Protein chains: 2
Amino acid sequence: MLPNGAAGDHPLALLMRRWTMRSSLSASDRDALASLALTRRSVQRGAYIVHEGEAVTHCSVLISGFVARQKLVNTGNRQIVAIHLPGELVDAQNLLLDRADDSVQSIGQSEVAMIPKSAILDLIATRPEIGRAIWLDTIIDASITREWVVNLGRRDARARIAHLLCELYLRLQAIGQCPSGQCMLPLSQEQIADCMGLTPVHVNRVLQMLRADGLIALRAHRLTILDWAQLTQVGDFDGRYLHDRIRA
Amino acid sequence: MLPNGAAGDHPLALLMRRWTMRSSLSASDRDALASLALTRRSVQRGAYIVHEGEAVTHCSVLISGFVARQKLVNTGNRQIVAIHLPGELVDAQNLLLDRADDSVQSIGQSEVAMIPKSAILDLIATRPEIGRAIWLDTIIDASITREWVVNLGRRDARARIAHLLCELYLRLQAIGQCPSGQCMLPLSQEQIADCMGLTPVHVNRVLQMLRADGLIALRAHRLTILDWAQLTQVGDFDGRYLHDRIRA
DNA sequence: CGTTAATTTGAGACCATTCAATTTCGGTGG
DNA sequence: CCACCGAAATTGAATGGTCTCAAATTAACG
C-alpha cells in the first residue's frame with residue numbers, strides 16, 4: 001500500500017483528478033498543468049513551508065502528508081486556521097497577495113510541489129479554466145473556514161471535535177485515504193486543540209468521552225468512525241459546506 | 001451629509017473606487033461595469049438577501065447599510081461569519097457555487113444592487129481583470145474570516161470585541177465613513193455577540209469595561225475610538241490581514 | 001406617550017482552563 | 001533485546017471566564 005497516499009505518477013495527479021471530477025478541466029488543460037516546471041520538496045515534520053509576513057514567490061501543492069495553516073496571537077498561543085490534505089493548494093491566496101498572512105507548517109513528514117507564482121499566472125492568462133479552478137478552490141477553502149468560525153463560535157468542545165473528525169474523515173475519503181472505514185490522522189491532541197480553540201488537556205478528556213460513547217476509535221494516529229450517524233449528530237455536521245471536497 | 005454613505009452617483013461607485021485604487025481596473029472595464037444591468041433593491045432591517053441552501057441566480061453589491069452573513073446551529077443559535085459594508089459583494093462566492101451555504105441578512109435598512117450571475121460571468125469571460133478583481137475580493141474576505149477564526153479560537157471576550165471594533169473602524173474609514181474619528185455602527189450588542197461567539201449579556205459587560213477604561217465611546221449606534229493605541233493592543237490587532245480594505 | 005426592543009444588573013452554575021504530576025508511547029543506542 | 005529518552009497522552013484538583021436565567025431599566029419609534 002502507498003504510504004501517505006502519494007497516488008498516481010505525476011506530483012499533481014490528485015489535484016488534477018479533483019479538478020477533472022469537478023468537470024472544469026479539459027485534456028489540454030491537464031497537459032499544460034502536467035508540464036509545469038515544479039520543484040518537488042520533502043518537508044520535515046514541524047518545518048515551515050510559508051512564513052507569515054514574508055514575500056511569497058511560489059505556490060505549493062501538497063503531494064503527501066498533512067499541513068496546517070496557522071497564526072500566532074500575542075500570548076504566544078497558536079490558532080490553526082486550516083488543515084490541508086494531499087492534492088490541495090496550501091496557499092492559493094498568495095497567488096494574488098504579495099505577503100503571506102499566515103504560516104504553513106508541516107504536520108509529520110510531507111511532500112510539496114512548489115510552482116513559481118509567475119508560471120501559474122502565465123498559465124491562467126491563456127487558460128482561464130485553470131484560473132477558474134484555482135478560484136473555486138479558494139472559494140471552497142473559504143467555505144470551510146466559515147464553518148470553522150461557526151464551530152468555534154457556537155459549538156461546545158464535544159461538538160467541535162466531533163465536527164472536525166467528520167470533516168477530515170470525509171475529505172480523506174474523497175482522496176481515497178479511508179480504506180475500510182479507517183484513516184490516518186497524524187494530528188496530535190495538541191494540534192486538534194489548536195484547531196478548535198481548546199487546550200490539549202480538554203481535548204484529551206473529550207476524546208475519551210467520544211471513545212467511551214462508542215463513536216470513534218483513535219489510537220496511534222489511526223481514526224476509526226464507529227458510529228457515523230451519532231458522530232454527525234453530536235457534531236451538528238452537514239457536509240454540504242465541503243462542496244467538491246467530498247466523495248471519492 | 002450623506003446618510004449611510006451612499007457615495008457617488010452610480011450604485012457601484014464604491015465598488016469601482018475600491019477596485020480602481022487597487023489599480024486593477026481600466027477605464028474601459030469601469031465603463032463595462034457601469035453599464036451592467038442591475039436591479040436596485042431596498043432591504044428592510046432584518047430582511048434576508050440570500051437564504052442558506054437556496055439556489056442563487058444573482059450576486060449582490062451592497063450600496064448602503066450593513067449586512068451580516070450567518071449560519072444557524074442545531075441549538076438554534078446564530079453565528080455571524082462576516083459583516084459586509086457598502087461597496088462590497090455580499091456573496092461573491094455564489095458566482096461559482098450553485099447553492100448558498102450561508103444566509104445574508106440586512107442589519108438595519110440597506111440597499112443592494114442585484115446583478116444576474118450570468119451577466120457577471122459573461123463580463124468576466126471578455127474582461128479577465130474584472131474576474132481578477134472579484135477573485136481578489138473573495139481572497140480578502142477569506143483572509144478576514146481566518147482572522148475571525150483566530151479571534152474566536154484564541155482570544156478572550158475583551159480582546160475579541162476590541163479586535164472587532166478595530167476592524168470595522170478601519171474598514172469604515174476606508175470607505176470614508178469615519179468623519180472626525182467617529183463612525184456609525186448599527187450592530188446591536190446581540191449582533192456583536194453573534195459575531196464573536198458570546199452572549200449579549202457578556203458583550204454588555206465587556207463594552208462597559210472598554211468604556212470604563214477610556215478606550216471607546218459607543219452609544220446610539222455611534223462608535224468613537226478614544227484610544228486607538230490601547231484598543232489595538234487590547235485586541236491584539238494588526239490590520240495587515242485587511243489588505244486593501246483599509247485606508248481612505 | 002405608549003409599546004416594544006435593546007441595554008443593564010445580579011447571582012449562581014458550568015464548561016473549560018491552569019498547573020502539576022504521572023503514565024504511556026515511539027524511537028534510539030547500547 | 002532491553003534500557004533509555006523525549007514527546008505525547010492521561011489524570012487530578014482548583015480556579016476562572018463565560019453562560020444561564022431572571023428581572024429591572026433605558027432607549028427607540030410611531
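Below, chains carry the letters A, B, ... as their sequence lines are ordered, and counting in each starts from 1. Keep in mind it's a predicted model, so treat the numbers as computed, not measured.
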*asked:* I want to check one thing: is the phosphate of D:dC19, taken as OP1 and OP2, less than 4.0 Å away from some side-chain N or O of B:Thr199?
replied: yes
*Check every atom of D:dT18, D:dT10, D:dC21 against the side chain of B:Val201 and return the nucleotide holding the closest atom.*
D:dC21
*Considering only side-chain heavy atoms of A:Ala157, which listed nucleotide, D:dT10, C:dA16, C:dC25, is closest?*
C:dA16
_Is a donor from one side chain sitting under 3.5 angstrom from an acceptor on the other, for A:Arg78 and A:Gln70?_
yes
_Contact under 4.0 Å: B:Asn204 side-chain N or O vs C:dT7 OP1/OP2_ = no
*Please report, rounded to the nearest Å, how far the P atom of C:dT8 is from the CD atom of B:Glu190.*
14 Å
*asked:* Can you measure A:Asn77 atom CG to D:dG17 atom P for me and round it to whole angstrom units?
replied: 15 Å
_Whole angstrom value for the distance that separates P of C:dG26 from CZ of A:Arg45_ = 12 Å
*Over 60° means perpendicular and under 30° means parallel, so classify the ring planes of B:Phe237 and B:Tyr241, tilted if in between.*
perpendicular
*Scan B:Leu198 against the nucleic acid and name what it touches under 4.0 Å (heavy atoms): base, sugar-phosphate only, or nothing.*
sugar-phosphate
*What nucleic acid atoms does A:Arg155 come within less than 4.0 Å of, heavy atoms only: base, sugar-phosphate, or nothing?*
nothing
*Starting at CG of B:Asp156 and ending at P of C:dT18, how long is that distance when rounded to a whole Å?*
11 Å
*Among side-chain atoms of A:Thr138 and A:Gln93, is any donor-acceptor pair under 3.5 angstrom?*
no
*B:His58 versus B:Ile115: any side-chain heavy-atom pair under 4.5 Å?*
no
_Donor-acceptor pair under 3.5 Å, A:Arg205 side chain vs D:dG12 base_ = yes
*When you match B:Arg154 and B:Pro200 each to their closest nucleotide on DNA chain C, which lands nearer the 5' end?*
B:Pro200
*Spacing between B:Leu207 atom CG and D:dA27 atom P, to the nearest angstrom*: 16 Å
*Nucleotide D:dT11, atom P - distance to CE of A:Met209 in whole Å*: 14 Å
_Between B:Glu52 and B:Arg99, does any NZ, NE, NH1 or NH2 come within less than 4.0 Å of an OD or OE carboxylate oxygen?_
no
_Looking at B:Gln208, I'd like to know whether one of its side-chain N or O atoms comes within less than 4.0 Å of OP1 or OP2 on C:dT7._
no
*Looking just at side-chain N and O atoms, do B:Asn151 and B:Glu147 make a donor-acceptor pair shorter than 3.5 Å?*
no
*Looking at every strand, decide which applies to A:Arg158 at a 4.0 Å heavy-atom threshold: base, sugar-phosphate, or nothing.*
nothing
*D:dA8 C1' sits how many Å from A:Arg219 CZ, rounded?*
12 Å
*Check every strand shown and say whether A:Gly197 touches a base, only sugar-phosphate, or nothing at a heavy-atom separation below 4.0 Å.*
sugar-phosphate
_Quick check for you: among D:dT10, D:dC19, C:dT7, whose closest atom lies nearest to any side-chain atom of A:Gln189?_
D:dT10
*B:Ala220 side chain: which of D:dA28, C:dT8, C:dA5 is closest?*
D:dA28
*Between C:dA16 atom C1' and A:Ile161 atom CD1, what is the distance in whole Å?*
11 Å
*Is the distance from OP1 or OP2 of D:dA8 to the nearest side-chain N or O of A:Gln191 less than 4.0 Å?*
no
*What nucleic acid atoms does A:Arg160 come within less than 4.0 Å of, heavy atoms only: base, sugar-phosphate, or nothing?*
nothing
